[in-house]
Structures are given as C-alpha cells and as structure tokens.
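Only a predicted model underlies this, so the values are computations on that prediction, with no experimental measurement involved. Every heavy atom of this structure was used, including side-chain atoms; hydrogens, water molecules and symmetry mates were not.
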Amino acid sequence: SVPQAGPHFLQTLGNSVTMTAMKTSLLLIFLSASLFAAVPIAKVNDQVLYDEEWLEGDKKDAEAVENAVTYHLIVEEAKKLNLDKNPAVQKEIRKLLYREYLNTKLKDKAAELAPSDLELRAATEQNPLYKVKHLVLFSRNKREQKAAKKSMERISQRLKRGDSFKSIVLKFSQDGSARTGGNLDFRGPHNCPEAFYGVVSKLKANEVSQPLTYKGAIHYFQWTEKKPFDKLPQNYLNYLSAKIEKSKQSDLMKQLMVDL
C-alpha cells in the first residue's frame, strides 16, 4: 500500500494549503542499484517528483522525501500567487539562466580549455621562478627616510666598486631576510607582490635593481637563477594552468557573445 502524507508533514505550509487540496501520495522507493536515470520518489496531485530534481545527494530517506514534497507544494503555491512574475524573482531567474548557459558551454569545451604541455611550457618561460635576494630600507617616517637616503648613497658606492650584493645586504638591510643575505628563495607571480616580480623579471642574472619604493620601504632586488621546467613545484604548475584556462575561458565567452 502507498503511505499517505500525515498532518505533521503539511504543517509548514500553514493555512494556505490544506490536506484535502493536496491529495498527496508518497511513493517511497529505495533502490540500491537502479537502472533508471531518474527514480520517482513521490506523486503530488498527479505530478510525479523524481529524485535527481528534488533530492540532494544520495539522501533518499522518508524525511528527505517529505521535505522535497513540502518544497514542491510551496513552490506551486507561490506560482498561484504569481510570485514567479515578480521582477526581483525574474531577475534571479535570469542570473541563473546566464550562469547555466555559460557553465554548459564551458563544460562542452572542457577538453579544449585544458592547457596543453606546449602552452604550459610557454607560460613558465614567460613567468619563471627566480631565486631572489632582497635588500630593505625602512622609510615609514621622516627620520627613517633621512637615514634611508644616506644608506642608498653608500649602497650605490659599494655596488659601483663591485661589492657582492650579499655583503651589502648583510651590512644595510633592515628586514628579517638580512640574516640570510636577503635570500627569499624562489619567487613567482603566485607568491610575490606584482610590483616586486615586475622589477625582478626585467633584470639579468646577478644584476641589482634600481631602488623601488613600496609600502613604507625601499627595496633592492637581485636574482641568481631560474628554476628549470622539470624542477618546478606542482603548485606553481597548477597556478599557471589555472591562469591559462581562465584566459581561454574569457576568449571563449567573448566568442559566444559574438555568435549570439
């Protein structure tokens, strides 16, 4: 026999929905291995509800089915009140349709959007990981700015006479990396401020940058080596892959707009 929905199940609908109006029959079906794409879970006023549309995940117990039917009944009552014609509701529907359209198109092109090995190698050549050394002079106030100016003059003199950048860092740098000769290890656009990476990427190996003023400090940079492709960490490859895919998605969306 088919179990009938009890009064407790309909209480959440309030006075707007009655037991008589609903004529709801629950067809609880528990299939451990179904051959069907969609499994019917309930029949409400001659309309069959299916699991893939009304249930979340694998939860198909009596409570989940009850909640799904309640949800369906409230939606139907909302339609009777013409709430689906409300401008705010229509706006949300348009947003959902827009997102679903783009998601569907992106899913169809998933294989094309995935970065090729050639694209990934090209990206690593354009965005290498540099082993960076760094010198910092604080300039957060007038006193520090005055001291930094004097230090910059002395740093310039030492660079001209050929002193090693490491020795200059040990003598003048004021941040924590000074203890290791300014060593910041390998840096790329994923773990380095854009302003820093922009300066570093324009240098030749072992060249020392011009001073860069950034957020209350003056910075000098030097890079000594680039990490080869076969030694790049997976997290950096993932970062570049995501950037490539995002760029290709942007191009695809532009083309979709042209084709509309």
Side-chain angles (χ1 to χ4, degrees), residues 113-251 254:
L113 294 174
S116 66
D117 184 68
L118 191 62
E119 289 172 326
L120 191 55
R121 285 181 178 272
T124 62
E125 289 177 8
Q126 294 169 8
N127 303 276
L129 283 188
Y130 297 98
K131 190 165 188 179
V132 178
K133 288 189 172 73
H134 182 218
L135 186 156
V136 179
L137 302 173
F138 293 131
S139 60
R140 296 165 294 192
N141 52 55
K142 289 184 178 180
R143 181 181 60 80
E144 289 183 345
Q145 290 165 8
K146 184 177 180 180
K149 185 177 180 180
K150 290 182 179 180
S151 294
M152 289 168 66
E153 292 171 356
R154 296 168 66 191
I155 289 169
S156 178
Q157 292 170 359
R158 293 193 177 219
L159 287 171
K160 285 178 181 177
R161 77 185 189 194
D163 288 11
S164 72
F165 187 61
K166 181 178 179 179
S167 68
I168 297 172
V169 171
L170 289 170
K171 176 69 176 177
F172 294 99
S173 190
Q174 296 174 318
D175 82 331
S177 68
R179 294 190 299 271
T180 60
N183 182 25
L184 298 180
D185 205 1
F186 283 95
R187 296 286 168 166
H190 68 311
N191 64 357
C192 180
E194 184 178 356
F196 290 6
Y197 191 78
V199 170
V200 171
S201 62
K202 290 179 173 64
L203 298 173
K204 298 176 182 178
N206 298 308
E207 181 184 4
V208 177
S209 74
Q210 292 297 310
L212 169 71
T213 301
Y214 181 83
K215 293 186 177 181
I218 296 164
H219 306 262
Y220 293 80
F221 299 94
Q222 180 193 62
W223 68 266
T224 56
E225 64 175 292
K226 296 179 185 178
K227 191 175 281 289
F229 182 82
D230 59 352
K231 297 290 181 63
L232 291 172
Q234 190 59 49
N235 70 320
Y236 189 55
L237 294 175
N238 292 344
Y239 166 83
L240 291 177
S241 294
K243 283 195 68 175
I244 295 169
E245 188 166 344
K246 185 175 180 180
S247 175
K248 293 170 83 171
Q249 285 179 357
S250 178
D251 291 342
K254 290 176 184 176

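- Residues Asp185 and Val132 are not in side-chain contact: their nearest non-hydrogen atoms beyond the backbone lie 4.5 Å or more apart.
- Taken from CZ in Arg154 to CG in Leu159, the straight-line distance is 13.0 Å, to the nearest 0.5 Å.
- Residues Glu119 and Ile244 approach most closely at O-CD1, 3.7 Å, considering heavy atoms.
- A donor-acceptor contact shorter than 3.5 Å links the side chain of Ser201 to the backbone of Tyr197.
- We find the OG-NZ distance between Ser173 and Lys166 to be 13.5 Å, quoted to the nearest 0.5 Å.
- Ser209 places no side-chain N or O within 3.5 Å of a backbone atom of Val199 that could act as its donor or acceptor partner.
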Apply side-chain hydrogen bond (donor to acceptor under 3.5 Å, both in side chains) to residues Ser247 and Ser250 and explain how you reach the verdict. CA-CA 5 Å; Ser247 175; Ser250 178; over 6 Å; no

With a 3.5 Å cut-off and sequence neighbours excluded, list the donor-acceptor pairs that the side chains of residues 210-222 form with protein atoms.
| from | atom 1 | to | atom 2 | distance (Å) |
| --- | --- | --- | --- | --- |
| His219 | ND1 | His134 | NE2 | 2.8 |
| His219 | NE2 | Tyr214 | O | 3.3 |
| Gln222 | NE2 | Asn206 | O | 3.0 |

Take Tyr236 and Phe186, measure what ring pair (Phe, Tyr, Trp, His ring centres under 6.0 Å) needs, and give me the verdict at the end. CA-CA 11 Å; Tyr236 189 55; Phe186 283 95; over 10 Å; no

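- Using a distance-only test at 3.5 Å, with no hydrogens or angles considered, no donor-acceptor pair links the side chain of Asn127 to the main chain of Thr124.
- Here Arg143 pairs with Asn141 under the side-chain contact (heavy atoms from CB on, under 4.5 Å) rule; sequence neighbours left out.
- Between the Glu245 side chain and the Ser241 main chain, no donor and acceptor come within less than 3.5 Å of each other.
- Remark: Leu240 CG to Arg121 CZ distance equals 13.0 Å, nearest 0.5 Å.
- Heavy atoms only, all atoms of each residue included: Ser177 and Leu184 are closest at CB-CD2, 4.1 Å.
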Anything under 3.5 Å between a donor and an acceptor, one on a side chain of residues 224-235, the other on a protein residue two or more places apart or in another chain? List them.
| from | atom 1 | to | atom 2 | distance (Å) |
| --- | --- | --- | --- | --- |
| Gln234 | NE2 | Asn238 | OD1 | 2.9 |

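- Atoms CG and NZ, on Leu113 and Lys246 in that order, are 14.0 Å from each other to the nearest 0.5 Å.
- Considering every non-hydrogen atom in both Ala178 and Leu170, the closest pair reads O-CD2, 3.1 Å.
- A distance of 8.5 Å separates CG of Leu135 from CZ of Phe172, quoted to the nearest 0.5 Å.
- Distance OG/Ser151 to NZ/Lys149: 12.5 Å, rounded to 0.5 Å.
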Leu203 and Val208: CA distance, side-chain angles, deciding distance, side chain to side chain contact (heavy atoms under 4.5 Å, CB included) verdict: CA-CA 7 Å; Leu203 298 173; Val208 177; over 6 Å; no

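- Lys131 places a side-chain heavy atom less than 4.5 Å from the side chain of Asn183.
- Heavy-atom minimum distance, Ala148 versus Leu137: O-CD1, 3.9 Å.
- For Ser139 against Gln145, the heavy-atom pair with the smallest separation is O-NE2, 3.3 Å.
- Nearest approach of Arg187 to Cys192, heavy atoms of both residues: CB-CB, 4.2 Å.
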